[in-house]
2 protein chains.
Amino acid sequence: MPFEQLKLKHQLCHRLYMASNSIARAYREPLAKINLTYPQYVVMMALWEQDKITIAEVVETTAIDGSAMTQILKKMVEKSLLAVVKDEKDQRKRLIQLTKTGQDLKLKALNIPNEIRCKFTSLNSDQALQLMHYLDLVIHDLSKTEKE
Amino acid sequence: MPFEQLKLKHQLCHRLYMASNSIARAYREPLAKINLTYPQYVVMMALWEQDKITIAEVVETTAIDGSAMTQILKKMVEKSLLAVVKDEKDQRKRLIQLTKTGQDLKLKALNIPNEIRCKFTSLNSDQALQLMHYLDLVIHDLSKTEKE
DNA sequence: TGCAAATACTTTGCATGCAAATTAAAATAA
DNA sequence: TTATTTTAATTTGCATGCAAAGTATTTGCA
């Protein structure tokens with residue numbers, strides 16, 4: 001079977017592609033209720049954990065592309081979720097700071113992880129942890145070769 | 001720790017997001033050599049496995065969104081990789097058929113899975129299989145709730 | 001037979017992901 | 001100090017992913 005490895009069913013990449021799209025779709029509705037897209041939600045989670053950080057730090061934490069980040073933050077400013085201010089110490093940097101609205105949204109978002117979790121009827125929590133571990137290995141292995 | 005579940009490091013979704021983006025990035029360079037994007041490559045793999053199928057079948061096999069598929073196929077026609085022809089039996093349907101160029105590309109693509117595989121230094125093949133199984137569970141669980 | 005409902009696609013609009021080029025400011029070397 | 005390099009963001013262009021609306025065709029039911 002010389003072409004066996006080109007079959008879709010054997011491809012880890014395709015599983016990841018489908019799983020990632022599925023989960024983004026699953027978040028769509030719960031997030032629409034609080035008027036957030038998925039990447040915007042990721043940015044909010046980063047800021048709920050630590051506020052008043054630079055754009056580079058948000059990029060680092062969220063792994064969202066820097067040029068996409070500019071656009072995402074712009075939209076979040078329009079929604080009054082956060083403010084972008086210059087870092088006085090280094091004029092190149094911009095600091096991101098949640099507004100009151102942005103901080104308060106955390107309470108409304110609190111139940112979202114549970115809403116998603118209860119959709120998983122086959123995957124138990126031990127398996128989810130194991131899965132996360134394997135994904136970390138994937139991310140780790142691929143991040144190495146990127147830097148070359 | 002009332003907000004613990006909102007931390008990024010605990011989120012399966014964020015791991016999947018990062019892993020999926022990482023792997024798409026990893027394919028970018030090898031695929032650029034044969035002038036394909038990642039979704040285009042997925043379509044090609046589907047057609048290498050079974051040619052002359054309807055657009056709906058390509059959508060089913062690849063799990064690529066139908067409206068995106070229209071655009072993707074249009075670009076692939078421009079590259080002379082395939083042709084879109086009407087199904088005489090059902091005028092609503094379109095059949096996709098590889099050109100000679102499209103068929104021949106299979107040989108050039110043959111080594112791509114290996115190129116990617118050798119980037120995985122931490123994840124062994126048993127773990128990759130286990131990971132694929134878990135991803136199948138995720139996809140399965142989430143596909144159920146979508147249909148409601 | 002005739003028409004509503006279901007199918008198969010396409011089109012449109014919006015939000016990314018990412019590479020490449022650009023701009024501005026700070027750090028470093030000469 | 002001045003020129004070069006590096007760093008932090010933004011801008012631009014292209015390719016999706018997806019929801020919603022629109023267009024043919026075909027089915028299926030009265």
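We name chains A, B, ... by the order of the sequence lines, and we start the count at 1 in each one.
Put simply, CD on E57(B) is 15 Å from P on dT7(C), counting in whole angstrom units. Atom NZ of K74(B) and atom C1' of dT10(C) are 8 Å apart (whole Å). Rounded to a whole Å, the CG atom of L73(B) is 11 Å from the C1' atom of dC9(C). Rounded to an integer number of Å, the gap from CZ of R94(B) to P of dT23(D) is 16 Å.
From S80(A), atom OG reaches atom NZ of K100(A) across 13.5 Å, with rounding to the nearest 0.5 Å. Separating the NZ atom in K52(B) from the CG atom in L82(B) is a distance of 13.5 Å, to the nearest 0.5 Å. Residue I116(A) holds its CD1 atom at 7.5 Å from CG of L142(B), rounded to the nearest 0.5 Å. Atom NE2 in H133(B) sits 8.5 Å away from atom CG in L123(A) (nearest 0.5 Å). Between the CG atom of L135(A) and the CG atom of L12(B) there is a distance of 6.5 Å, given to the nearest 0.5 Å. In this structure, the separation between OG1 on T101(A) and CE on M76(A) is 11.5 Å, given to the nearest 0.5 Å.
For residues 49-56 of chain B, proximity to DNA chain C is found at T54(B), I55(B), A56(B), defined as any non-hydrogen atom under 4.0 angstrom from a strand atom.
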**OP:** Start with the C-alpha distance between Q103(B) and D51(B), add both sets of side-chain angles, then the distance that settles side-chain contact (heavy atoms from CB on, under 4.5 Å), and finish with yes or no.
**Re:** CA-CA 9 Å; Q103(B) 286 166 12; D51(B) 198 2; 4.0 Å; yes

**OP:** List the steps, then state whether side-chain contact (heavy atoms from CB on, under 4.5 Å) holds for K7(A) with Q11(A).
**Re:** CA-CA 7 Å; K7(A) 289 193 176 176; Q11(A) 304 267 342; over 6 Å; no

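Place V84(A) and K86(B) on DNA chain D by their nearest nucleotides, and V84(A) ends up nearer the 5' end.
Between D136(B) and R15(A) there is a salt bridge, with a side-chain nitrogen of the basic residue lying less than 4.0 Å from a carboxylate oxygen of the acidic one.
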What's touching nucleotides 26-28 of chain C from the protein side, N or O pairs under 3.5 Å?
unit_1, atom_1, unit_2, atom_2, d
dA26(C), OP1, Q91(A), N, 3.1
dA26(C), O4', R92(A), NE, 3.2

Please enumerate all protein N or O atoms sitting under 3.5 Å from an N or O of nucleotides 2-5 of chain C, with distances to 0.1 Å.
none

Report each atom pair, protein N/O against N/O of nucleotides 21-23 of chain C, whose distance is under 3.5 angstrom.
none

Original post:
For every nucleotide of nucleotides 12-19 of chain D, 5' to 3': is a protein heavy atom under 4.0 Å from its base (B), only from its sugar-phosphate (S), or from neither (-)?
Top reply: B--SSBBB

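Residues W48(A) and L105(A) meet the side-chain proximity criterion, which asks for heavy atoms closer than 4.5 Å. Between L137(B) and F120(A), the closest side-chain pair of non-hydrogen atoms is not below 4.5 Å.
In terms of heavy-atom proximity, V59(B) sits nearest to G66(B) at CG2-CA, 3.9 Å.
Across every strand in view, dA30(D) sits in a pair with dT1(C) that passes the Watson-Crick or G-U test at under 3.5 angstrom.
Summarising the local packing, CD of Q97(B) is surrounded by more than 12 heavy atoms from other residues, nucleotides or ligands at distances under 6.0 Å. Residue-environment remark: CD (Q91(B)) exceeds the threshold of 12 foreign heavy atoms within 6.0 Å.
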Residues 28-45 of chain B side chain polar contacts: donor-acceptor under 3.5 Å, at least two apart:
unit_1, atom_1, unit_2, atom_2, d
T37(B), OG1, Q40(B), N, 3.3
Q40(B), OE1, T37(B), N, 3.2
Q40(B), OE1, K79(B), NZ, 2.7

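Here the options are L131(A), I23(A), V138(A), the test is side chain to side chain contact (heavy atoms under 4.5 Å, CB included), and the partner is L16(B); only I23(A) passes.
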